[in-house]
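Computation of the quantities below employed the complete heavy-atom set of this structure, encompassing side-chain atoms and omitting hydrogens, waters and symmetry-equivalent molecules.
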Amino acid sequence: MSETFITRFVALDDLPQLISLYELLSSNDLPIDLASAQHHLAQLTAIPNCHIFGGWVDGTLVSSCTQFILPNLTRQGRPYALIENVVTDQAHRQQGFAKQLLNAA
């Protein structure tokens with residue numbers, strides 16, 4: 001892998017790129033408008049232990065996932081992670097970026 005892949009939490013300024021990336025998840029969905037996305041991101045980030053991880057190559061968001069850390073009544077109360085909305089841009093697939101992103105999460 002020759003490209004540098006950087007992971008971090010998605011921020012408000014990243015929303016336009018994230019919306020574009022999410023369009024790859026389901027071609028049947030209507031795109032969300034930026035104002036609605038900002039509202040929903042604020043709701044998500046207000047949830048304790050909820051994070052949207054992003055992976056960037058040269059300043060471009062190429063992969064993302066949403067992670068929720070949830071309390072648990074099994075395994076001696078150790079929490080577990082629920083990961084959803086995993087997506088990688090088509091031009092950056094098969095390069096191990098999603099694996100790196102999930103390892104970061």
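Not one N or O on the side chain of R8 forms a donor-acceptor pair closer than 3.5 Å with the backbone of G54. Judged purely by atom type and a 3.5 angstrom limit, T60 has no side-chain atom pairing as donor or acceptor with the backbone of W56. A distance-only check finds a donor-acceptor pair linking the side chain of T45 to the backbone of L41 [under 3.5 Å].
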Quiz item: Between T66 and H51, is a side-chain contact (heavy atoms from CB on, under 4.5 Å) present by the stated rule, with each step listed?
Solution: CA-CA 6 Å; T66 303; H51 308 285; over 6 Å; no

Self-check item: Stepwise side-chain contact (heavy atoms from CB on, under 4.5 Å) test for R78 and N72
Solution: CA-CA 6 Å; R78 289 191 315 250; N72 195 3; 5.5 Å; no

Quiz item: Checking side-chain contact (heavy atoms from CB on, under 4.5 Å) for the pair F68/N49: CA distance, chi angles, key distance, verdict?
Solution: CA-CA 6 Å; F68 294 88; N49 298 314; over 6 Å; no

Self-check item: Check against side-chain contact (heavy atoms from CB on, under 4.5 Å), Y22 and S64
Solution: CA-CA 9 Å; Y22 278 170; S64 72; 3.5 Å; yes

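Ring orientation note: the planes of F5 and F97 are close to parallel, at an angle under 30° on the 30°/60° scale.
Remark: L82 CG is packed, more than 12 non-hydrogen atoms of other residues, nucleotides or ligands lying under 6.0 Å away. Around CG of D58, the count of heavy atoms belonging to other residues, nucleotides or ligands within 6.0 Å does not exceed 12. For CD of Q43, the number of neighbouring non-hydrogen atoms (other residues, nucleotides, ligands) closer than 6.0 Å is greater than 12.
With contacts defined as side-chain heavy-atom distances shorter than 4.5 Å, the pair S63/V87 does not qualify.
Separating the CD atom in E23 from the CG atom in D89 is a distance of 11.5 Å, to the nearest 0.5 Å.
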